[in-house]
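Working notes for the structure below.
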Amino acid sequence: MAKTLKQEFTKGLWKDLPPFRLVLGLCPVLGVTTTMENGLGMGVATTFVLCGSNLLVSLLRQAIPPRVRIACFVIIIAAFVTVVELLMQAYTYPLYLKLGVFIPLIVVNCIVLGRAEAFAYKNKVSSSVADALGIGIGFTLSLSLLGSLRELLGNGSLTIWGDLSYSIIDVVPSFQPFTFATQAPGAFVCLGLMLCIINLIGK
Amino acid sequence: MLESILVTFSIGAVSGVALSYASKLFYVYEDPLIAKVEGLLAGANCGGCGFAGCSAAAEAIVNDKAPANACILIDEENIREIAAITGAHAGPPEPPSSYNNCSGGKRATDRFIYSGIWSCTAAAALYGGNRDCAIGCLGFGDCIRACRFNAIKMGGHGFPVVDYDKCVGCGACEASCPKTILEVKTLSQRLFHLSSAGDPLAPCSQGCPAEIDIPRYIDHIRNMRYEEALDTIREKNPMPLSCGRVCPHPCESLCRRGIADEPVSINQLKRFVADYEMNSGRRLPIACSPATGKRIAIIGGGPAGISCAYFLRRAGHHPEIFEAMPKLGGMLRYGIPEYRLPKKILDWEIQGILKLGIESHTNVRLGLDFDFCSLVAAGFDAVFFSVGAWKDYNLGIPGEELSGCMTGINFLSRVGGSKPPAIGKRAAVIGGGNTAIDCCRTLIRMGLDKVYLVYRRTRKEMPANEAEIVAAEHEGIEFVFLAAPNKIIADEEKQVAGLEYLAMELGKPDASGRHRPVPIEGSEQILAVDTVITAIGQSPLLSFRGRGNRLDDLNISRWNTFEVEPSTCQTNVPYIFAAGDAATGPALVVDAIGGGRKAARSIDLFLRGEEVNPQEDALLNKPIGESIFPSVPGVRPMGRIGLDEIDVTNRIQTFAEVDLTISERDALAESNRCLSCCRLCYNVDTH
Amino acid sequence: MNELVRMTVVLTGLATIAGGVLAAVHSGTADRIAAQQLEYVKGPAIRSIMAATTNNPLEDSFQLSIGEEEKTVFIGSLASGGTAVAFEEFGRGFGGDIGVMVGINMETETILGTAVTVHSETPGLGAKAKNDRSFTSQFEGLPVSATVAVTQDGGQIDAISGATTTSRAVCEAIAQALERYQMLHADLQKTVN
Amino acid sequence: MGYLELIVSCIFVNNILLAQFLGNCPFLGTSKKMETAVGMAGAVVFVTVLAGTITWIIYHQILVKFDLVYLRTFSFILIIATLVQFVEMFLKKMIPVLYAGLGIFLPLITTNCAVLGICVINIDEEFTFSEAVSASLFYAVGFGLALILFAGIRERILLARVPKALQGTSIALITAGFISLTFFAFRGMV
């Protein structure tokens, strides 16, 4: 059963790729992926919390009594989320404003709690961190992908980070932005179609 | 800083105290299994499983309402652990595995054209599915999608095929199937399952007293997977070598091909794979469940005893066989002559079964060499009686005590043992059953000049197997029908000198449908013979009773057999079970083997502390009405393979086996004659 | 019982430690967060008003107490050598308060510029109030003594078509700012110099 | 803002599930069966109102007073988790009938981002106490409404012919997208 660190890391990138293979943590996926930048930021924030909580849960796994483990995980995760909130306010304030309520909600993201419980509580520190990094990076990539798709369709542009942005209209002047994609119903439909595509590739 | 610490401290303290006291104050008893399963679930309460949180999911899993892999967060290791927990809940701690019941698949006819969503569940919601067969596979593969281990694939015939190496027995497939095509069962659940009215059974399987899945093993043979064929047989019958030789194959008379053509030589195919193993020079491994530590005393090492011991051993128990004769095998050894079942083949077969870890004690007779009370004292948890029917009925005519007159079983067992009896030159065997024929055919091989078979009715009424009668005729046995022995005539040395009998005529049929013979006054005739063997039936020898122990409490029927509940083989003393001839009176070997398995099922239930109830819907060899067809369209008669046997003039010189094993080519050809029937569907002949 | 105590202790301990850590992180980032909030919430509005200042108004700001309220006043040095102040006032709009940053040239006593900071108006209309130059430019150069009101209310400001309430709210906020400027004129003058 | 506006806004325009994307995991999980959906909806209403009220009080009476607003997330989630677990145990022991109908869904709510989300929104929107309580109620009702509507549709999807790759969560999400689109019609009412 022992897997190498590399395996623990790479499984998050395809085999257990959230949210497509591991259909969890959908709220931020739907809520923040209006642009690629948002998706990327959310992904990084989640990865940070995931790594921190996995690390700490794995370190403390002997000390935490099984019956209150969920409450303990929640405390650890909540602490990390607050740290992220504070750091984001201090360094990436505009992004913090855009992500809004979804930053505190990382605390109830099933992926974070799920990995703490299903993996970190049972595995040693190095593999837990590898697992968290893999899942986190997978999540970040998925969010960015969905974000860029929706941004391209809906705004006709793609903002990588800050001022670095490209516009489709420069290339294809006749392009009409499909605003539906950036709005709420579009979020569901785009994610549903992405899932479908992943299913097709997975087959 | 301080405020912050104070606030978090107080929130933490309030939560901790509130929760810990609440858990004490509002404690409600919960099945510890649920807590155990919940401990293995992700605990994220994400709701991805469709249940209201992890504890609700755990409860559903324990109560078999959800498969072990319901949680979408946890990894395979946890699923395995959960499967192990719930598996232990359902039966003994042995790995359950998925098992496909339907072999119909695509060939089953449709009642209507279904063009809905590609899902069994959806299809089944519409009038139970589009297939004609109420129990068959719908073939949309819900189970394949449900399996998280890639252990199920859709076979070419339109039904799921399980890869047993990958299956962990999580139960997801079973839960996803709207029918009961895939059943996740432990080994012992499979071994002990009695054919039931809801099973997809071919007519032949319904007719087999051992309930072997005949179409499945024939299919294995067709695909040259002989080892799997043997495994399939051994799931229900531990003695394919012996049965392949001596079984009168009631299955073949139900064979669906037999309606339009000659039936498939099912028994020859069984013998072929059994011989294949023996000649291959190695024994196939036989899977056994983990040890349970329970001990069972098996009294009598005949087919019923061996079968019961075998199944109990495979279920993880520890049976010990006590046998009065010098070797195990019972009637197989001492009642069936060498030319039908060579002793070295029987030895090889029994040895293989004992190798599973069954202890045997021979030359020990209950009541003489050991006492029933000592068994209980020795810590046996249950006792199984398979003492057979070794007591010949007496004719009740003068002269039976003469030298040169003996009983059939006595004669056969002495020939089969090490001390053959002294016999003369001309013999008369009285009786029309298999024992009588066996005596005749044995006598002719012992070099006698003339062997008569004296039977009081006609050939049509003879209970012996047709094939045996024909063989006896070929071998020159003279049949004297409608003859009732009157007395045995002695010479001056108190030796048998002849058999006087009355000629009979058939009267009106009696309750059993047989014509009752009526003696004709003054028709006495004498057969000049120096040996008379009476073989008119047997009953169990119960001499171990009457010693003032629990055995005296046993109910005994008026045929001197153990009175048992027929579907459980349990006697009125709960820990005593009985099967085989001892419970049924003289019957087929395969009946004894089936009885041994039925008894093993009950003993297993008894040892696990469960109620020994008959299995619901058990068929017990009653046919399923809808599966017995009056005609079978689509079958092109082609005749069965001829049977190789030794030429008559040669064979009566020796005890060499008469019937020879069929060749692989013939076996393959014959297996292709099988229609692979299920309950309703079958493969028609296409060429 | 032992189990219960342990559960409570672990929970409380973890929560306490977390509290300590968070307090530390908070005190470490508090200043930066405040600066960032200023930069991104008020920053764009201030910049649009005081585009031509030689200093950074965001850094040269001070707190002014008006009764119970604390107001942040931004100071900009104009190229002409004069000084401008800017602060935020609120007017009641359709969907809630509308924040308007008002910049005043202290030399000429005229409105330097206005910019909408926060609004929760129907998308489109609120944005118009923010970006529509033909609307916002009407305020520029008005003397602090002027009465700021939409034409419907007898004033000289043309409302955004179809968004009278929003326009009214903006005017209300600006009028309030002018009033407050005149009230605090002395204090401001003192602090600036 | 008037209460009528608040109701329409919370239930329809800013529907917590379909416009704010909160609580999607249980939304997809528990909408497979109508029965489960109804139970879940009830439990969410109950817990949200309770949690919304308590967190509002804690925030304004403790966190704001001591200048500890940055502990908002931390304290809210702990309070909700404790509260939910406590109520669950209480119901299980004291009112088993209610537990069977509603209580079993409670654990699912601990990590339901809709509940925490509504508590946070109450603070962000600077609602007064009575506004916060009613907003909690109406947001939760909106969640229940969407969930029950969706469950009804999903029971139908089972019998529909869906391309293989779209089956499961994929088609569920697209369907949710169309429900969301219908809720769009309420835009402009507030």
Side-chain angles (χ1 to χ4, degrees), chain A residues 19-20 23-33 68 70-86 89 100-114 180-181 183-203, chain D residues 14-29 70-78 80-82 85 107 109-121 123-125 162-184 187:
Chain A
F20 299 120
V23 187
L24 277 181
L26 292 184
C27 312
V29 175
L30 293 164
V32 305
T33 52
V68 285
I70 302 292
C72 292
F73 298 161
V74 167
I75 292 181
I76 292 171
I77 295 166
F80 274 101
V81 169
T82 311
V83 169
V84 165
E85 255 186 299
L86 291 172
Q89 285 186 53
V101 75
F102 289 102
I103 295 288
L105 289 184
I106 295 177
V107 80
V108 281
N109 189 322
C110 309
I111 295 177
V112 180
L113 195 55
F180 175 77
Q183 284 171 328
F188 286 104
V189 174
C190 285
L191 182 62
L193 290 176
M194 284 283 281
L195 261 175
C196 167
I197 292 167
I198 297 277
N199 282 346
L200 281 176
I201 298 170
K203 280 278 155 350
Chain D
N14 291 315
N15 185 285
I16 193 83
L17 263 173
L18 300 170
Q20 318 236 32
F21 309 110
L22 299 180
N24 269 298
C25 296
F27 176 55
L28 292 171
Y70 62 90
L71 284 180
R72 183 179 69 174
T73 312
F74 185 86
S75 45
F76 279 17
I77 185 67
L78 261 184
I80 294 173
T82 309
Q85 214 175 339
I109 289 166
T110 321
T111 50
N112 184 343
C113 34
V115 178
L116 182 63
I118 291 169
C119 295
V120 173
I121 288 172
I123 305 302
D124 279 348
E125 295 282 319
V162 179
K164 218 167 176 187
L166 276 170
Q167 282 173 19
T169 319
S170 183
I171 190 73
L173 279 168
I174 293 174
T175 316
F178 293 125
I179 302 182
S180 168
L181 198 60
T182 61
F183 273 63
F184 243 47
R187 285 215 161 182

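Below, chain A is the first sequence line, B the second, and so on; all start at residue 1.
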Let me have the donor-acceptor pairs involving side chains of residues 171-179 of chain D, under 3.5 Å, with sequence neighbours excluded, atom names and distances please.
from     : atom 1 : to       : atom 2 : distance (Å)
D:Thr175 : OG1    : D:Ile171 : O      : 2.5

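Between D:Gly23 and A:Cys27, the shortest heavy-atom contact is N-SG, 3.3 Å. Among all heavy-atom pairs drawn from A:Asn199 and D:Ala165, the shortest one is ND2-O, 2.8 Å.
Taken to the nearest 0.5 Å, the CD1 atom of A:Ile77 stands 13.0 Å off from the OG1 atom of D:Thr73. Interatomic distance, A:Ile106 CD1 to D:Ile77 CD1, rounded to the nearest 0.5 Å: 12.5 Å. A distance of 4.5 Å separates CG in D:Leu78 from CD1 in A:Ile75, rounded to the nearest 0.5 Å.
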Criterion side chain to side chain contact (heavy atoms under 4.5 Å, CB included) on D:Phe74 and A:Val81, from CA distance to verdict: CA-CA 8 Å; D:Phe74 185 86; A:Val81 169; over 6 Å; no

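Both the backbone and the side chain of A:Leu191 come within less than 4.5 Å of a heavy atom in chain D. For chain D, the nearby parts of A:Leu193 are the backbone and the side chain; heavy atoms of each come within less than 4.5 Å.
With sequence neighbours left out, the ring-ring contact (aromatic ring centres under 6.0 Å, His included) criterion links A:Phe188 to D:Phe21.
Chosen from A:Gly186, A:Pro104, A:Cys190, the residue pairing most often with chain D at heavy-atom distances under 4.5 Å is A:Pro104. Top candidate by heavy-atom pairs under 4.5 Å with chain A, chosen from D:Leu18, D:Thr182, D:Val120, D:Asp124, is D:Leu18. Chain D forms the most heavy-atom pairs under 4.5 Å with one residue out of A:Ala78, A:Pro185, A:Gly192, and that residue is A:Pro185. Interface remark: of the candidates D:Ile121, D:Val115, D:Leu181, D:Leu181 forms the most heavy-atom pairs closer than 4.5 Å to chain A.
You'll find the side chain of D:Phe184 reaches within 4.5 Å of the side chain of A:Gln183, heavy atoms only.
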